[in-house]
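Scroll down for the structure; my scribbles are underneath it.
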Amino acid sequence: MSFNDDVRLDTSQVESGGRSSGGGPGGLVVGGGIGGIIMLILALIFGINPADLPGGGGSTTTGDDTSQVEPGGSQADNFSECKTGADANQNAECRIIGTVNSVQAYWTAELPRYGKQWQPTKSVIYSGATQSQCGTASNQVGPFYCPLDQKVYLDASFFDLLTQKFGADDGALAQEYVVAHEYGHALQDQLGLLGRAQQGGTGPNSNGVRIELMADCLGGVWAKHASTTNGADGKPFLKPLTDQDIQSALSAAAAVGDDQIQSKTQGQVNPEAWTHGSAEARQRWFLQGYKTGDLNQCDTFSVATVE
């Protein structure tokens, strides 16, 4: 999904987490050496709050990590290279900014229909590692929404990981889907739904999986309306989607399905350990949002099974 070249980007909606050589998980308690770290990384992809997951150790950092990690929201980078949609088409960080602009513009316009107001939610774009109130954000953790400071944390290098390690294609909508998914969590937080993720254990129909699949669906709702969502200059951020765009987003959704991750890392699939949903379910719920364009059709808690 390409941006219109002349649409203006609003960099005030993002903050820089700075550049850091530290890429470790910081305060997250990880057992089992490299294998344990890899499994934690996989478990956290598209997660909500790393410190709340089994094995999460809170938000404190120890040792040398604290000297390498800058706090989120620093002004080490003002993203001056990100001015227009043309920049978003060429640069991954500018693409994040443009997607943040589009997603927030959509929910700002849409929520009043339901008697709600969108609360502006910033993204922290960093390289290497930075601090969030949910613990250390790092390029080993992947993107997440932190409800404690109400910000989204993204390292653009994750897009390379998504393609090279997990098999997603490198299309723009695969990357934009990641951003829209995290803003789905922000919307859930604003609607008072996010806490339900911690109430249902694990498994294919657990509350945690339902929350994740709802965020996929909400990302699909945004995608449906993205080409008609305008910026402050009255111009639409994005061009109409193509079939190739949709396939790109679906490749990302499938790549991070619990069954795909387990199969690649363990050689077997254990649905009772799922936290985010199967590849098929993640694709299906994204398409549910995209085809209907209606957030009411994303109520994953109203159906008997989400798989």
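Quick caveat, the model's predicted, so the values are computed rather than measured. All residue numbers in this chain count up from 1 along the given sequence.
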request  = Please answer: with hydrophobic residues joined when any side-chain heavy atoms are less than 4.5 Å apart, are L287 and V209 in the same cluster?
outcome  = no
ask   = Between C217 and T300, is any pair of side-chain heavy atoms under 4.5 Å apart?
value = no
inquiry  = Which heavy atom of S248 sits nearest to which heavy atom of A172, and what is that distance?
reply    = OG-N, 4.3 Å
Enclosure of D6 CG (heavy-atom neighbours >12, cutoff 6.0 Å) = yes
task = First locate atom CG of D149, then atom OG of S132, and finally report the distance between them rounded to the nearest 0.5 Å.
result = 5.5 Å
key: Verdict with supporting geometry, N4 and K239, side-chain contact (heavy atoms from CB on, under 4.5 Å)   = CA-CA 6 Å; N4 288 303; K239 297 178 180 179; 3.2 Å; yes
request  = With rounding to the nearest 0.5 Å, note down the distance linking NE2 in H276 to CG in L213.
outcome  = 9.5 Å
inquiry  = Any non-hydrogen side-chain atom of W107 less than 4.5 Å from a side-chain atom of L295?
reply    = yes
inquiry  = Could you check whether any side-chain heavy atom of I125 comes within less than 4.5 Å of a side-chain heavy atom of F79, counting everything from C-beta outward?
reply    = yes
key: Minimum heavy-atom distance V221-C298, with the two atoms named   = CG2-SG, 3.8 Å
task = Is it possible for you to say whether L218 and V303 belong to one hydrophobic cluster, with membership spreading through side-chain heavy-atom contacts below 4.5 Å?
result = no
key: Working for side-chain hydrogen bond (donor to acceptor under 3.5 Å, both in side chains), residues W285 and E212   = CA-CA 10 Å; W285 281 98; E212 293 297 334; over 6 Å; no
task = Evaluate the ring planes of Y290 and F286, with Trp represented by its six-membered ring, and classify them as parallel (under 30°), tilted (30 to 60°) or perpendicular (over 60°).
result = parallel
key: L250 vs Q247 side-chain heavy atoms within contact, under 4.5 Å   = yes
key: Distance (rounded to the nearest 0.5 Å) between I211 CD1 and Q188 CD   = 4.0 Å
key: Residue pair K122 / Q13, side-chain heavy-atom distance below 4.5 Å   = no
ask   = Do you know the tightest heavy-atom contact between A105 and N230?
value = CB-O, 3.8 Å
key: Residue of the set L193, L194, L187 for which side-chain contact (heavy atoms from CB on, under 4.5 Å) holds with M214   = L193
task = Report yes or no: does R95 contribute a side-chain atom to a donor-acceptor pair with the main-chain N or O of N89 at less than 3.5 Å?
result = yes
key: Test item: Q260 and R282 side chains (from C-beta on) under 4.5 Å apart, heavy atoms   = no
inquiry  = Ignoring hydrogens, what is the shortest heavy-atom contact between A88 and F3? Give both atom names and the distance.
reply    = CB-CD1, 3.6 Å
ask   = Which atom pair, heavy atoms only, marks the closest approach of R210 to V306?
value = NH1-CG1, 3.6 Å
inquiry  = Within the 4.5 Å heavy-atom criterion, are D258 and T275 side-chain neighbours or not?
reply    = yes
task = Could you pull out the closest heavy-atom pair between T292 and Q297, with the gap in Å?
result = OG1-CB, 3.6 Å
T99 vs Y183, side-chain hydrogen bond (donor to acceptor under 3.5 Å, both in side chains): CA-CA, chis, key distance, verdict = CA-CA 10 Å; T99 309; Y183 272 86; over 6 Å; no
task = Using modelled atom types only, decide if a donor and an acceptor are shared between the side chain of D259 and the backbone of A279 within a distance under 3.5 Å.
result = yes
request  = Could you tell me whether the side chain of E81 reaches within less than 4.5 Å of the side chain of C94, counting heavy atoms only?
outcome  = yes
Distance (rounded to the nearest 0.5 Å) between E93 CD and T11 OG1 = 12.0 Å
query = Is the ring centre of Y153 less than 6.0 Å from the ring centre of F144?
reply = yes
ask   = Between CD of E307 and OG of S206, what distance do you get to the nearest 0.5 Å?
value = 9.0 Å
query = Which residue pairs pass the ring pair (Phe, Tyr, Trp, His ring centres under 6.0 Å) test with at least one member in residues 214-235, sequence neighbours excluded?
reply = Y106-H225
message = Rounded to the nearest 0.5 Å, what separates atom CD in Q104 from atom CD in Q119?
response = 10.5 Å
ask   = Should we say atom CD of Q244 is surrounded by more than 12 heavy atoms from elsewhere, each under 6.0 Å from it?
value = no
Test side-chain hydrogen bond (donor to acceptor under 3.5 Å, both in side chains) applied to D245 and T242, step by step = CA-CA 5 Å; D245 290 326; T242 65; 3.2 Å; yes
